[in-house]
Chemist: 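So that we are looking at the same thing, I have put the structure below in structure tokens.
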Amino acid sequence: MRRRFTQEFKVQAVEKALSQCDDVRLEDIALELGIGYSTLQRWIALAKNHEFETKTAKLRWVSLLFKFLYIEYEKLKYF
């Protein structure tokens with residue numbers, strides 16, 4: 001039987017993944033959350049592509065995308 005996750009859980013999982021340092025692997029985050037690595041990768045991809053099921057959740061994904069881009073920008077500043 002396939003497990004279902006709430007939108008809130010998905011958003012929190014992506015936020016956690018995007019806010020981690022480079023030395024923390026996505027595999028470890030997925031394991032900690034009790035989800036598959038590929039599931040977490042898919043949710044991150046959805047966040048980056050602005051694809052989600054509800055308008056409110058879509059707004060959250062857009063803010064996550066900006067957060068991700070800001071983190072990447074900050075990394076590049078010190079490169």
Side-chain angles (χ1 to χ4, degrees):
M1 188 166 137
R2 194 170 187 182
R3 289 174 41 192
R4 298 251 178 211
F5 298 97
T6 65
Q7 303 298 63
E8 187 65 26
F9 179 81
K10 293 176 184 180
V11 168
Q12 289 174 352
V14 172
E15 285 177 341
K16 183 176 182 84
L18 294 181
S19 65
Q20 294 298 317
C21 299
D22 287 334
D23 61 337
V24 178
R25 300 176 327 141
L26 283 181
E27 292 92 338
D28 295 332
I29 295 169
L31 184 62
E32 179 183 323
L33 294 170
I35 59 176
Y37 171 65
S38 62
T39 300
L40 183 56
Q41 283 184 309
R42 185 172 59 253
W43 293 348
I44 292 170
L46 286 171
K48 289 179 181 177
N49 293 325
H50 311 281
E51 298 171 14
F52 214 58
E53 295 147 6
T54 67
K55 194 173 195 176
T56 304
K58 194 169 194 173
L59 292 173
R60 285 286 300 275
W61 286 117
V62 169
S63 71
L64 281 174
L65 175 63
F66 283 120
K67 182 177 183 178
F68 170 76
L69 292 173
Y70 178 76
I71 290 169
E72 292 300 308
Y73 168 76
E74 288 295 313
K75 289 178 188 175
L76 289 174
K77 277 183 16 181
Y78 301 105
F79 188 60

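Counting from 1, the numbers follow the sequence of the chain as shown.
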Chemist: Find out whether Leu26 and Ile29 are in side-chain contact, i.e. whether some heavy atom of one side chain is under 4.5 Å from a heavy atom of the other.
Modeler: yes
Chemist: Taking all atoms of both residues into account, what is the closest heavy-atom pair of Ile44 and Ala17, and its distance?
Modeler: CD1-CB, 3.8 Å
Chemist: State, to 0.1 Å, how close Leu40 and Ala13 come at their nearest heavy-atom pair, and which atoms those are.
Modeler: CD1-O, 4.0 Å
Chemist: Holding to side chain to side chain donor-acceptor pair (under 3.5 Å), I want the full list of residues that pass it with Arg42, two or more places apart in sequence or in another chain.
Modeler: none
Chemist: Just jot down the ring-ring contact (aromatic ring centres under 6.0 Å, His included) partners of Phe5, sequence neighbours excluded, or say none.
Modeler: Phe9, Trp43
Chemist: Return the set of residues passing side chain to side chain contact (heavy atoms under 4.5 Å, CB included) with Leu31 (not counting sequence neighbours), or none when no residue passes.
Modeler: none
Chemist: Rounded to the nearest 0.5 Å, how far does NZ of Lys10 lie from CZ of Arg4?
Modeler: 8.0 Å
Chemist: I'd like to check the side chain to side chain donor-acceptor pair (under 3.5 Å) partners of Glu32; sequence neighbours left out, ordered by chain and number.
Modeler: Lys16
